[in-house]
K.L.:
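Take this structure first; my questions come after.
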Amino acid sequence: MSETIHVSVAWPYANGDMHVGHLAGAYLPADIFARYHRLKGNRVLMVSGSDSHGTPITIEADAQGISPRELFEHYHHRFVKTQLEMGISYDLYTHTDTENHHRIAQDFFLKLYEGGYLYQETQQQLYSESEDRFLADRFVEGTCPICGYEEARGDQCDQCGNLLDALDLINPRSKTDGSQPIIRETDHYFFDLPKFADRLLKYLDKHQNHWRPNVINFTRNFIESGLKGRAVTRDVQWGIDVPLEGWEDKRIYVWFEAVMGYISASVEWSHNRNQPDAWKDWWYNPEAKIYNFIGKDNIPFHTIFWIAELMGVERIYEEDDSKTLSLPYDMPANEFMNIKGAQFSKSRNWAIWLPDLLERYDPDAIRFYVTFAMPENRDSDFSWSEFVRRNNDELVATWGNLANRVLSFAYKHWEGKIPDPGETRAIDHELIEEINKGFDIVGGYLEEVKLRAALQECFRLAREVNAYLDHAPWFGVIKNDRESAGTTVFTALQAIDSLKIMLSPFLPFSSELLHSYLGYEEPLFGTQDIVTIEEDSRDHEALTYNPAKSTGRWAPSDLKPGASLRKPKPLFKKFDDDVIEEENNRLGLPRQ
RNA sequence: GGCGACGUAGCUCAGUGGUAGAGCAGGGGACUCAUAAGCCCUUGGUCGAUGGUUCGAAUCCAUUCGUCGCCA
């Protein structure tokens, strides 16, 4: 029976390029998962987008002398391109500065406000008279009250590392013009999280058996150590207007609205397809399973704040008051992918940037290594020597070579046609049976989001086929027992055809290529497109997935003897060992 | 300082009470269809340390050392 699956993917913050940590943390696992479910014939909706608001974008824009919108659109464009090239198959990848998202975020805000979940409180904050605005912590510098360092930032001192309250800085000054700010009172709305504590704990109880232990433990601990109200408005210019009279100078806090993108993007996708209510098949369907792929730094924002928002809103754009918004079924958070043991750092350029990586390597080689090194249980390490080793000694040697040796042999000796299996033998049945069991085993791992285990099983099966080819008669008997050779080659082709499907969520590009070598006319997957979506006041760029022509099915091979093959070429490239030193030398240098 | 994670073969990692595992690398062998790839065999570990619980501990508890993260 077909299932309904929503794949919500964490929204990347559009103030810098994507790096390999992003890919390993959320985007690649989400894509593998979504592709698998599509092959299973399940109804999948995978959405995300660029998070375009918030202070870091304003600061970066100020530094570059451009507007926040120009800045985030620059990175949004690069995100779209990078993810297209990487094959991250969003049904819709949009951003948070669309009219659609603004409207939905404001409606959410009002719903929570009317529901009594927002309360007002007066705070003290630094205000710049010369700039006529409140200064976010990151816009203030001053002397650290703890160590006396004179260049401390408003939120943290770089010398002693202590976190600071900007109000405690000695001799505070505006980072923009150096003027001395004054303390001024300001009103803000706060989200009443303590009201949700009991319901959140019940929600966790319901899911504790299938969530990852780190996610459930962290979340429970966070709730039990006491939830506090969190400000949902800010005194900034860049962001979504607070939809209340007298609050025109304030914006909705970015953490509060960005997560609503999971719904706003679903709504936008429906709208773009002229099926305005289609999104409800996921968000108002108790049978639908919503999976939220995130990095560990995002855990509380999703497992607590976002869930509380959904609970508080109850329903939106829905008349039937017996229905409430669906809550995520799982939040498979990954840990971090570090580089040689040290955490990613933009300022030190300690990063593997995806646009750079894609210039030099094929997406499947990257996807393969990143999946094998995926930080599912704990932090993992990106290492160039491992990248080269995994590529050369496993991807190329075990799988690429297997496909190539069988296909080229078949193509050469049977005039480009699939040989007839003739009379099959026990060894053939044993192999095919083993391969066919893989669909359940690999599929089971994928459903539990154990992606590394799934990929390992695929490779174990590929080794089985290689071993089979050592025992079965083929190249040695091609001259005097063509029939036996045909049986072996047909069986091996069948095995490869099946493995191609199992590997395709991980390696979509090379699987598609192999699919065509095996003679298929129609592709496994649909197509990805960059589109421009028009709204009344502005357009935006988006990445979409069109499944119309996809024919891939999560099922054993059904190869037809006599059908035509295409002339095969190696699926993957080997890397020279020099790559390791070259790439290591690039690390930490200023970026070109 | 508080909280938490991690420390298992040369490398990357599985393994949460019942005789230490995988892949790759290293060594040996037979083969040649294939990107010198593949196959068979094989060498590697007192599971960070110490103490405890248990018939039995990599696995539970305590202490400790080391690495890292989050928070103050």
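Throughout, protein chains are lettered first and strands after them, A, B, ... in sequence-line order, and every chain is numbered starting at 1.
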K.L.:
Applying a 4.0 Å non-hydrogen cut-off, can you work out what A/Leu407 is touching in the nucleic acid: base, sugar-phosphate, or nothing?
P.N.:
nothing

K.L.:
Between A/Arg452 and B/A14, is there a contact of a side-chain N or O with OP1 or OP2 at under 4.0 Å?
P.N.:
yes

K.L.:
Please check the phosphate of B/U67 (OP1 and OP2 only) for any side-chain N or O of A/Arg378 closer than 4.0 Å.
P.N.:
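Result: no.
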
K.L.:
Please identify each residue that fulfils ring-ring contact (aromatic ring centres under 6.0 Å, His included) with A/Phe293, with sequence neighbours left out.
P.N.:
A/Phe33

K.L.:
Counting any heavy atom closer than 4.0 Å, what does A/Asn214 reach on the DNA or RNA strands: base, sugar-phosphate only, or nothing?
P.N.:
nothing

K.L.:
Under 4.0 Å between a side-chain N or O of A/Lys574 and OP1 or OP2 of B/A37?
P.N.:
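True: A/Lys574 side-chain N/O within range (under 4.0 Å) of B/A37 OP1/OP2.
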
K.L.:
Using a 4.0 Å heavy-atom cut-off across all strands, classify A/Arg463 as base, sugar-phosphate, or nothing.
P.N.:
sugar-phosphate

K.L.:
Tell me whether the guanidinium CZ or amine NZ of A/Arg390 lies under 6.0 angstrom from the six-membered ring centre of A/Tyr369 and within 45° of its axis.
P.N.:
no

K.L.:
Tell me if the aromatic rings of A/Tyr262 and A/His302 count as close, with their centers under 6.0 Å from one another.
P.N.:
yes

K.L.:
Applying a 4.0 Å non-hydrogen cut-off, can you work out what A/Asp381 is touching in the nucleic acid: base, sugar-phosphate, or nothing?
P.N.:
sugar-phosphate

K.L.:
Answer yes or no as to whether B/C33 has its base stacked against A/Phe409, where stacking requires a ring-centre separation under 5.5 angstrom and planes under 30 degrees apart.
P.N.:
no

K.L.:
Would you say A/Asn221 places a side-chain N or O within less than 4.0 Å of OP1 or OP2 belonging to B/G4?
P.N.:
no

K.L.:
Taking any heavy-atom pair under 4.0 Å as a contact, classify A/Phe218: base, sugar-phosphate, or nothing.
P.N.:
nothing

K.L.:
Touch check for A/Ser385, heavy atoms < 4.0 angstrom, all strands: base, sugar-phosphate only, or nothing?
P.N.:
nothing

K.L.:
When the nearest nucleotide of RNA chain B is assigned to A/Pro570 and to A/Gln456 on a heavy-atom basis, which residue is associated with the more 5' position?
P.N.:
A/Gln456

K.L.:
Given the structure, check if the side chain of A/Asn401 and the base of B/A34 hold any donor-acceptor pair shorter than 3.5 Å.
P.N.:
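Counting by modelled atom types and ignoring angles, a donor-acceptor contact under 3.5 Å is found here.
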
K.L.:
Respond yes when some side-chain nitrogen or oxygen of A/Arg405 is under 4.0 Å from OP1 or OP2 of B/U32, and no when none is.
P.N.:
no

